[in-house]
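First comes the structure, then the notes that go with it.
Lettering of chains follows the sequences in order, A, B, ..., and the numbering in each one begins at 1.
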Amino acid sequence: MSWRGSVWGCLPNFYTGERNYSHNSPSEFYSSLGSEGFSIGDTSGTDEEDTDSAILYGTLRGSIVGLRYYTGVVNNNEMVALQREPNNPYDKNAVKVNNVNGDQVGHIKKELAAALAGIMDNKLAVVEGVVPYGAKNVFTMPVQMSFWGREENKEAVLDQLKMHGFKLAPPLKVELATEYGFGSKWISGKNGPTYSAPVHAAVHLTAEQLKSEFDKLFEDLKEDDKTCEMEGAEAVGTLLLPHQKQALAWMVSRENSNDLPPFWEERNNFYYNILTNFAVKERPKNVLGGILADDMGLGKTLTTIALILTNFQDGKPLPVEKITTTSCVIPEDKGFGSVLVASPTPLKRKTKRKGTASIQSAEKKYSEDNPRTTLIICPLSVLSNWIDQFEQHTSQDFHLNVYIYYGSDRNKDPAILSDQDVVLTTYNILATDYGVSKYDSPLHKIKWLRIVLDEGHTIRNPNAQQTKAVLSLEAHRRWVLTGTPIQNSVKDLWSLISFLKLKPFTDREWWHRTIQRPVTMGTPGGLRRLQSLIKSITLRRTKTSKVKGKPILELPERKVLIQHVTLTEEERQVYQSVKKEGKAAINRFFSEGTVLAHYADILGVLLRLRQLCCHPHLCTNTSSSFSAGNNTPEELRQMLVTKMKLVLSSGSDEECAVCLESLTLPVITHCAHVFCKPCIYEVIRSEQPNASCPLCRNELRVEHLVECPLEEELDSSNGKKDDQEWISSSKINALMHALIELRKENPTTKCLVVSQFTTFLSLIENPLKKSGFAFTRLDGSMAQKKRVEAIQCFQSSQAGSPTIMLLSLKAGGVGLNLTAASRVFLMDPAWNPAAEDQCFDRCHRLGQKYNVIITKFIVKDSVEENMLKIQNKKRELAAGAFATKKPSASEIKQTKINEIKALIDL
DNA sequence: ACCGCCGGGTGCC
DNA sequence: ACCGCCGGGTGCC
């Protein structure tokens, strides 16, 4: 059985190269020193990227002075933050001391500050403080400091301190117990033995142990208060499943609750944070929201829509309005599958709700303090899914304004936006507005009723512009939807927790000191702490979870069959001659050592072979000449870039060598390699000022990158070649045979016929027509309206409705629902098995009534068979460990080279 | 007395 | 700060 349901998603998000922080903000400081998630037992240590785990150098007692002048107060044993203040007019070495709330307590005494300044500025160590006693002093108070840093900086730090006459004491003083999470048990042994601190950050757990530890995080989440059910309001036009009613009850109770946030306790009229020992008089606010982390396919979107309609205002549902206007305005001219963010296609919409006295009076209930609008932010790929689902699940009698804030003509008037019930937008639009001007960004001018982050893990990189844009939005209620809350390590959680505005974790330092480090260092209780945090704000069910003893989803079986296809003599001849030529060229590249320089050539060869396995007419537009001969290097380069574009425009689902997944927003480098735009930008950012290509180490510059729209964004209709007479192919014959057999068996069975190559789909149309099949088609080039039509048409159970859908592999987002089909014919294998799985899930999901049979057509003795082998290797890799070591640039290269060899039988 | 000592003024960095 | 430190006032016993 194929692996899908793991909590930890598939491959980790790889970064190449070390980050280089040049700013002074404490949060960046922390991120630069934070340990790299869980390090797995293998610590060969040769990898320079693996060294940013911090160890404790030792501790030092100092004093905080100038308390008179500041308002920040602390308690005994409370954590404090030390922050450099290089612009202090009295002392350029000044070090501020702040309490957990960020209020200044005082300064570090100047002699000590002089010693710390250099250490802190050069990021040799992170210095953390706890006030052990004397917190009520008037003028000065003591501070116990811990110095954390990389092993290799330890000497330098000790030297610096020595120069100023300071010496570190051995780690772990009793006063610091709370830092380590030992609690009172530790302190109680007054004259007991002394313990030495854990010095090394490495946790000696196997990958399996770690995974099971992580899985425990989400255990028991289904119990106690999370099993109540709640019916959706009348406005929810769809019956909710039991587990969705549970989620709704939980979400509504979270939004209306007045509980204290996790780790806070009330003690004699004060509220204490038991992690930092910080106290406040005002009751800290809990997040009115949380993380809905259900597995894919359990209906997070529907549940969220139900929440919006059911807990609309003051705990009451959306009122009935006797007005009937179109609820959603769907863009007519262009689909959402497009990911061209730089030049968004204008979407048509109407501005509604002008006039009508009754509505105006209704609007008066809403104001700055009492907003009405929910903002939903999602990746572009699922935007259309949200629109569909709003349409599907809102009852006819109710009217919900949904405004799609997308496209170059989006309405930026905050007054209009805050007058909607729902504003839907994408992370990219949000980040673009914010990038233009933080202050003019319309979405940042509004205080929202509720913000929903869909696929919330997209903001897991705290330094990404879109994360910053998301974190600076204002809202009363906040939700994160994600199927994979932790992709790679605990680090991934910070952005989400910070978005939820859970104090004190919004500040990176407190998150790091109280949760991340205890967890990564394996401090007793660290994981328990994280678990208790997650438990209090998260609801997660997997596909195998049960409600009242019954499985949440009873999905029918899914079988994958491989149907071998033998080429005809004629096809085989063409194939062999192209292969021979290609193999000779690739052999030459190997002997010249220019394999990676000719990457585009090689992809071109492989593409032609893959196309020939499908149909001889597919590769007529791809030139077979190799870039060599009498061309200048510049001409050669141009040819390679052109070739790469041609490969990409064929529809081939190529992958990015950095993230190892299907390309998103492909860009071609100067050296004719292709990567995801975000991946390569990350490489450039981390290797500045001089970055080099992960595949060939050539110079890498932003201004040389060429964006390359995928085939999906191109109009395929004008790519049809009418001048060629239609002929069949072995694969088409195999498909038609299967389809006709199937029709004999059961004429109502519906099928998906999937290919990466839309021209192949076009070629298949011909025999379908001849054999009298009713079919429809869905590919990336279709306008949104046509897609909706095609999907509705196909999903219909009416007699005479199409039984076949021609589907391009990557069409539509994860939400695309094609459950009417119970058979899938995959005409050509993809590099990335995950892309195939995602495609199969379009019919093998909630709502599927029959067992699903998937047939993969694979040509015998061809590149396709070799692709299957590579796919299997990738599956093993993805299932094996969730935190595989980051491959270095040279490993990326070697993997690619091995793949090429395997593919062309070298 | 280019000292010591006294006692008032004063106080982060 | 019930300290230290500074700098002015002062000066045998």
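At the heavy-atom level, A:Leu67 lies nowhere under 4.0 Å from the strands shown.
Within a 6.0 Å radius of NZ in A:Lys285, no more than 12 heavy atoms belonging to other residues, nucleotides or ligands are found.
In this structure, CD on A:Gln104 lies 8.5 Å from OG1 on A:Thr71, to the nearest 0.5 angstrom. Taking OH of A:Tyr57 as the reference point, atom CD1 of A:Ile119 lies at 9.5 Å (rounded to 0.5 Å).
In this structure, A:Phe139 counts as stacked on the base of C:dA1 under the 5.5 Å centre distance and 30° plane angle limits.
Rounding to whole angstrom units, CG of residue A:Leu82 and C1' of B:dC13 are separated by 13 Å. When rounded to the nearest whole Å, the span between OH of A:Tyr70 and P of B:dC12 equals 9 Å. Taking atom CE of residue A:Met141 and atom P of nucleotide C:dA1, one finds them 14 Å apart after rounding to whole Å. Whole-Å rounding puts the A:Lys109 NZ to B:dG11 C1' distance at 11 Å. Rounded to a whole Å, the CD atom of A:Glu111 is 11 Å from the P atom of C:dC5.
Of all the heavy atoms in A:Phe499 and A:Val480, the pair that sits closest is CD2-CG2, 3.6 Å.
Each of A:Met145, A:Gln144, A:Arg513 was checked for a side-chain contact (heavy atoms from CB on, under 4.5 Å) with A:Glu128, and the lone residue meeting it is A:Arg513. Applying side-chain contact (heavy atoms from CB on, under 4.5 Å) to A:Arg254 and the options A:Asn286, A:Leu288, A:Asp259 leaves one that passes, A:Asn286.
Shown for residues 95-107 of chain A: residues whose heavy atoms fall under 4.0 angstrom of DNA chain B, namely A:His107.
Comparing atom distances between the A:Tyr69 side chain and each of C:dA1, B:dG11, B:dC13 picks out B:dG11 as nearest.
Under the Watson-Crick or G-U wobble criterion, with both distances below 3.5 Å, B:dC13 has no partner in any strand shown.
Spacing between B:dC2 and C:dC13 at atom C1', rounded to whole Å, works out to 25 Å. Comparing the C1' positions of B:dA1 and B:dC6 gives a spacing of 15 Å, expressed to the nearest Å. C:dG8 and C:dG4 are spaced 23 Å apart, taking the P atom of each and rounding to whole Å.
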Each nucleotide N or O in nucleotides 2-4 of chain C that has a protein N or O under 3.5 Å away: list the pair and distance.
none

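Side-chain atoms of A:Asn101 and A:Asn99 include no donor-acceptor pair closer than 3.5 Å.
Put simply, A:Lys110 has no side-chain N or O that comes within less than 4.0 Å of OP1 or OP2 on B:dC12.
The cationic group of A:Lys281 does not satisfy the cation-pi geometry with A:Tyr271, failing either the under 6.0 Å distance to the six-membered ring centre or the 45° limit from the ring axis.
Looking at A:Ser418, its side chain never comes within 3.5 Å of a backbone N or O of A:Ile446 through a donor-acceptor pair.
Contact of A:Asn88 with B:dC13 (side chain to base): a donor-acceptor pair of N or O atoms is detected under 3.5 Å.
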